[in-house]
There are 2 protein chains.
Amino acid sequence: MAPPQQNANALPKYIQLSELLIRDIDAGRLLDGERLPPEREMAVSLNTSIGTLRKALADLESKGLLRRVQGSGNYIQKSAKAAGVYAMFRLELMSGGGLPTARILSARCQEKSADLPQFGASPRATRIRRQRYLNDVAIAVEEIWLDASVGELSSEMLSDSLYQTYLKRLNFWITRAEDRVSIGKLPDWTPPGFGSPGTTSGYIERFSWSDQPHPIEFSRTWFDTTKAVYVQRLK
Amino acid sequence: MAPPQQNANALPKYIQLSELLIRDIDAGRLLDGERLPPEREMAVSLNTSIGTLRKALADLESKGLLRRVQGSGNYIQKSAKAAGVYAMFRLELMSGGGLPTARILSARCQEKSADLPQFGASPRATRIRRQRYLNDVAIAVEEIWLDASVGELSSEMLSDSLYQTYLKRLNFWITRAEDRVSIGKLPDWTPPGFGSPGTTSGYIERFSWSDQPHPIEFSRTWFDTTKAVYVQRLK
DNA sequence: TGGTAGATCAATGGTGTATCAATTTTAATT
DNA sequence: AATTAAAATTGATACACCATTGATCTACCA
């Protein structure tokens, strides 16, 4: 049905479908090489017709995110290229997925504090503190230390996606990262409303590398385990 | 036939076989120069046809992992990187790495308990409880539920690597898994010496898929966050 | 133009069978 | 003991068959 009265100014359905799938691919919920269900099956499951679905799939193929093989199936294409901005963000709502956003609490350049592990080449770093959301639900607080050797950032320069900011403002790119997941306690600067400092929470440490031998970013994330989990999907 | 009706969105079988063997080579279970069983024999052992198996072997040869000699046999080409011993076990000591071993606490087939999430097709499952070690340091306790639809296991049949047991004894293999990391409390069956039941610990839930649409294994792992962390290395 | 519906075509994956060719093993011969 | 011939083993190739699946086209509606 061509949406008669439902949604006057909605995007075409096949565009909506396309973007829905793009988000799943970017977020890593659909893995590289993974095969999608048959088109007929997928169409009924998405409550649409094959023709419409195929338009969406054709769009994905033109974007290089999908490989379509007649007689075989539709396969997710690794793309890797400029892939998911959120690809490295692995917290999801218990119900699955969620659209990630962030609110900057503070951002300034300062001496590295003593409790930080060794990383980068400079004694100074930009410290960014953020509240993270999935579907507008606060799920984590985060402290990011960006080594001063790659430049300095001020709060006005920050966008929701830090990695995008790094690329646009400081002209470097994160090529590798390592997460270490454990448990921790909410820091004393936790914003009111999220939880009391000292409350036990999930805890992620991340080192990120650009093209230098030493990591140039170190971050700590405390997440509310009643609302979100750290998800990893394996080939 | 393309996936007959066994699985909605499984990769072609020859790809699955190829990746299965790649994992075995990477994990060092197949050594350099080692000769594989004859194709005919291998085909029945992997419960597939020769044609399909040969596609998988051809794929391995194209990847340079296999040397195929007519009249002689198939030989592993190079081990190269003796990477991840147990690629799917992602707990590491704080100091990094560690040789994983396990001690079976119990193993029996029973009704699925009510607190389990939905998985598999059978109301019964094999429940395996293990203590896990890295370099002989106890770092986790683990409870694995293997859906009875793929078969049942007794403790005598178990080896250190469950995935190897699955392949040899029950004739299936894990193609995909999903980890969800959070925090939890040690279960009441925690062996003395590891920690008191109720102690807060790291907590991993894992779903594993074979070639069926529903996961056929569900496991819970409680790990000591003072001794080990869940590590994920990205790209 | 966007969405739906249906019919039909063509490519692919998986299986099964038969046959050929290269290699290795075994046995016989010298 | 060395050589040679036969036999068994093993991978290589080809073809037929079938179900699944994407591709294409036409018609219809708002």
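These numbers come from the heavy atoms of this one structure, side chains and all, not from hydrogens, waters or symmetry mates. Just so we're on the same page: letters track the sequence lines, and every chain starts at 1.
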- Task: Using atom CD1 of B/I15 as one end and atom P of C/dT12 as the other, report the distance to the nearest whole Å.
- Result: 14 Å

- Message: Do B/Y163 and B/E217 have side chains that approach each other closer than 4.5 Å (heavy atoms only, starting at C-beta)?
- Response: yes

- Item | Value in whole Å for how far the P atom of C/dG3 lies from CG of A/D59 | 12 Å

- Query: Separation of A/R35 atom CZ from C/dT12 atom P, in whole Å?
  - Reply: 14 Å

- Name every residue in residues 40-48 of chain B that has at least one heavy atom under 4.0 Å from any atom of DNA chain C, in order of residue number, or write none if there are no such residues. B/T48

- Note on the structure: B/R54 has its side chain closest, among C/dG13, C/dT23, D/dT13, to D/dT13

- Among the candidates C/dT23, D/dG11, D/dG22, find the nucleotide nearest to the side-chain atoms of A/R68. D/dG22

- Note on the structure: A/Q16 atom CD is separated from C/dG3 atom C1', nearest whole Å, by 12 Å

- Task: Dump the intermediate steps for side chain to side chain donor-acceptor pair (under 3.5 Å) on B/Q232 and A/R90, then the final yes or no.
- Result: CA-CA 10 Å; B/Q232 179 53 29; A/R90 290 201 141 70; over 6 Å; no

- Query: A/S49 side chain N/O closer than 4.0 Å to the phosphate oxygens (OP1, OP2) of C/dT4?
  - Reply: yes

- Message: Heavy atoms from C-beta onward define the side chain here; which of C/dT12, C/dA21, C/dG3 lies closest to that of A/V69?
- Response: C/dT12

- Message: Can you measure B/L17 atom CG to C/dG14 atom P for me and round it to whole angstrom units?
- Response: 9 Å

- Nearest-Å distance for atom pair NZ/P, residues A/K55 and D/dC25: 15 Å

- Task: Select from A/L53 and B/G71 the residue whose nearest nucleotide in DNA chain C is closer to the 5' end of that strand.
- Result: A/L53

- Item | Check: A/V69 main-chain N/O paired with A/S72 side-chain donor or acceptor under 3.5 Å | no

- Does A/N74 have a side-chain nitrogen or oxygen under 4.0 Å from the phosphate oxygens OP1 or OP2 of D/dG22? yes

- Would you call the rings of B/W209 and B/F207 parallel, tilted or perpendicular if under 30° counts as parallel and over 60° as perpendicular? tilted

- Query: Is the distance between the ring centroids of B/F218 and B/W145 less than 6.0 Å?
  - Reply: no

- Message: From CZ of A/R67 over to P of D/dG22, roughly how many Å is that when rounded to an integer?
- Response: 13 Å

- With A/R67 via side chain to side chain donor-acceptor pair (under 3.5 Å) - residues at least two apart: none

- Given C/dA21, C/dG13, D/dT21, which nucleotide is nearest the side-chain atoms of B/Q70? C/dA21

- Note on the structure: A/P38 has its side chain closest, among C/dT4, D/dG11, D/dG22, to D/dG22

- Item | Any B/Y14 side-chain N or O less than 4.0 Å from OP1/OP2 of C/dG13 | yes

- Query: Parallel, tilted or perpendicular for A/Y230 and B/Y230, by the 30°/60° rule?
  - Reply: perpendicular

- Query: Of all the choices, D/dG22, C/dG13, C/dT4, which nucleotide is nearest to the side chain of A/K13 once you look at every atom?
  - Reply: C/dT4

- Item | B/I50 CD1 - C/dT15 C1' separation (whole Å) | 11 Å

- Message: Looking at C/dT4, I'd like to know if its phosphate oxygens (OP1 or OP2) sit under 4.0 Å from a side-chain N or O belonging to A/T52.
- Response: yes

- May I ask you to decide if B/S122's main-chain N or O and B/D147's side chain share a donor-acceptor pair within less than 3.5 Å? yes

